[in-house]
Amino acid sequence: MTTESQKNILLYTAGTPNGFKAAITLEELGIPYEVKRIDIKNLEQKEDWYLKINPNGRIPAIVDPNNNDFPVFESGALMLYLTEKYDNDHKISYPQGSDHYWELVSWLFFQNAGVGPMQGQANHFLRYAPEKIPYAIDRYQNETRRLYSVLDKRLKQNGDWLVGDRMTIADIANFSWVNLAYFVGVEIEEFPNLKKWTGRIKTREAVKRGLEIPVKFLVQDDVTNPTNLDEKAKEISN
């Protein structure tokens, strides 16, 4: 819930899956915010001023002027903070302490501890490593596929969303990575429930806006052109 007197939250971000998680959450909640694009290619995230906001030197992070300029880093923590502070109507969350809340937290941590790290490593070894190591590429692509299969099975059992009857931050977190499956050489067609879920989320106007923060990035057409994907990879190297 927002009010006319609410000050803009400052979002420090870049065009990466974790950055999209933060932007989509803000857009879905209708929270006024100001974007501070971090130049990760030139290591702006390692500068002293930013390390005071996020000691880990990664994006995204927020500073909330409505809470004494309180900083929050780590995308999962950031999403929980925003929903607990601003989602009084539980548009994309559930009441804290409820069974659905703990299911949401479980699937949120599933992404933060599983999908993100494994897909991130697949991305690194496929597109950034100075030497192509087939074992490493296969290992992390296959683990990403395994995690996708867990999501696919959950959606088959639960229906449209990962938890309950609405899209939540658990869906947003996992979607922000699954949406770029093609970027790491994983075919989403292998997972029919996941494919339908991804398509359903992408139709939401708030999601469309969030995927263009801080600038419009990675279009699906790039999947047919490996050269384009390699060029995009260079843009977000961190």
Side-chain angles (χ1 to χ4, degrees), residues 1-40 43-113 116 162-164 166-177 204-215 238:
M1 181 179 295
T2 62
T3 64
E4 292 184 2
S5 62
Q6 187 172 310
K7 298 177 182 178
N8 288 353
I9 286 177
L10 302 180
L11 169 63
Y12 298 87
T13 192
T16 71
N18 285 334
F20 297 145
K21 288 159 63 174
I24 292 171
T25 300
L26 287 161
E27 289 287 347
E28 283 285 347
L29 292 175
I31 300 173
Y33 67 102
E34 179 180 345
V35 177
K36 302 289 188 180
R37 185 181 183 184
I38 298 297
D39 185 355
I40 58 178
L43 300 180
E44 187 177 8
Q45 73 277 19
K46 305 298 184 184
E47 294 180 5
D48 289 344
W49 70 269
Y50 185 72
L51 291 175
K52 293 177 182 178
I53 298 169
N54 182 355
N56 195 34
R58 294 286 189 271
I59 62 93
I62 60 171
V63 171
D64 188 354
N66 305 294
N67 187 20
N68 299 314
D69 289 330
F70 187 72
V72 184
F73 64 95
E74 291 297 323
S75 56
L78 183 157
M79 298 171 91
L80 286 170
Y81 175 87
L82 290 173
T83 51
E84 292 185 19
K85 284 285 186 180
Y86 296 99
D87 192 16
N88 295 332
D89 297 329
H90 303 296
K91 181 181 178 183
I92 54 172
S93 64
Y94 287 99
Q96 189 173 22
S98 66
D99 287 349
H100 277 340
Y101 173 85
W102 288 114
E103 283 187 289
L104 178 157
V105 170
S106 295
W107 288 105
L108 184 65
F109 275 63
F110 173 86
Q111 185 279 307
N112 280 271
L162 290 174
V163 180
R166 72 198 69 169
M167 187 186 79
T168 68
I169 54 174
D171 296 280
I172 294 170
N174 284 282
F175 162 81
S176 296
W177 284 85
R204 298 171 71 100
E205 293 302 317
V207 173
K208 293 177 184 177
R209 292 192 298 269
L211 289 174
E212 295 189 359
I213 301 297
V215 293
N238 66 350

**Asked** Rounded to the nearest 0.5 Å, how far does CZ of R166 lie from CD1 of I92?
**Response** 10.5 Å

**Item:** Main-chain N/O of E28 paired to K91 side chain as donor or acceptor, under 3.5 Å
**Value:** yes

**Request:** Give a yes or no on whether the backbone of G57 and the side-chain of K46 come within a donor-acceptor separation of less than 3.5 Å.
**Result:** yes

**Request:** Determine whether T168 and S93 make a side-chain contact, defined as any pair of heavy atoms from C-beta on separated by less than 4.5 Å.
**Result:** no

**Request:** For residues Y12 and I59, report the shortest heavy-atom separation together with the two atoms involved.
**Result:** O-CB, 4.1 Å

**Asked** So which heavy atom on I9 is nearest to which on P65, and how close?
**Response** CA-CD, 3.9 Å

**Message:** Nearest 0.5 Å, please: how far is CG in L108 from CE in M79?
**Reply:** 6.0 Å

**Asked** How long is the span from the CD1 atom in I38 to the CD1 atom in I53, to the nearest 0.5 Å?
**Response** 7.5 Å

**Asked** What pairs meet the salt bridge (Lys or Arg N to Asp or Glu O under 4.0 Å) rule with one or both residues in residues 66-80, with sequence neighbours excluded?
**Response** none

**Asked** Are any non-hydrogen side-chain atoms of V207 and F175 less than 4.5 angstrom apart?
**Response** yes

**Asked** Are the side chains of L26 and I213 in touch, meaning some heavy atoms are under 4.5 Å apart?
**Response** no

**Message:** I want to check something: taking the side chain as every heavy atom from C-beta on, are I62 and Y81 in contact at a cut-off of under 4.5 Å?
**Reply:** yes

**Prompt:** Do Y33 and L82 have side chains that get closer than 4.5 Å, going by heavy atoms?
**Reply:** no

**Prompt:** How far apart are the C-alpha atoms of L162 and F110, what are their side-chain angles, what is the distance that settles it, and do they pass the side chain to side chain contact (heavy atoms under 4.5 Å, CB included) test?
**Reply:** CA-CA 11 Å; L162 290 174; F110 173 86; over 6 Å; no

**Asked** Are the side chains of K21 and P60 in touch, meaning some heavy atoms are under 4.5 Å apart?
**Response** no

**Prompt:** Which distance, rounded to the nearest 0.5 Å, do you find between the NZ of K85 and the CG of L29?
**Reply:** 14.0 Å

**Asked** Does a donor on one side chain and an acceptor on the other come within less than 3.5 Å for E84 and Y101?
**Response** yes

**Request:** Search all heavy atoms of P214 against all heavy atoms of V35 and return the closest pair with its distance.
**Result:** CB-CG1, 3.8 Å

**Message:** Please give me the minimum heavy-atom distance between A77 and F73, naming the atom from each residue.
**Reply:** CB-O, 3.6 Å

**Message:** For N56, I'd like to know if atom CG has over 12 heavy atoms of other residues, nucleotides or ligands within 6.0 Å.
**Reply:** yes

**Prompt:** Is any side-chain heavy atom of R37 closer than 4.5 Å to a side-chain heavy atom of E44?
**Reply:** no

**Asked** Just how far is it from atom CD1 of I31 to atom CG of N8, taken to the nearest 0.5 Å?
**Response** 11.0 Å

**Request:** Ignoring hydrogens and angles, tell me if any N or O in the side chain of Y94 forms a donor-acceptor pair with the backbone of V163 under 3.5 Å.
**Result:** yes

**Asked** If every non-hydrogen atom of Y50 is compared with every non-hydrogen atom of A61, which pair is closest and at what distance?
**Response** OH-CB, 3.5 Å

**Asked** Would you say the side-chain atoms of N66 and D64 include a donor-acceptor pair closer than 3.5 Å?
**Response** yes

**Prompt:** With sequence neighbours excluded, what pairs up with E103 under the side-chain hydrogen bond (donor to acceptor under 3.5 Å, both in side chains) test?
**Reply:** H100, R154

**For the student: nearest non-hydrogen atoms of A170 and W107, plus distance** = CB-CB, 3.8 Å

**Asked** After noting the C-alpha distance and the side-chain angles of R204 and E27, does the key distance pass the side chain to side chain contact (heavy atoms under 4.5 Å, CB included) rule?
**Response** CA-CA 10 Å; R204 298 171 71 100; E27 289 287 347; over 6 Å; no

**Prompt:** Are side-chain heavy atoms of L104 and I169 found at a separation under 4.5 Å?
**Reply:** yes

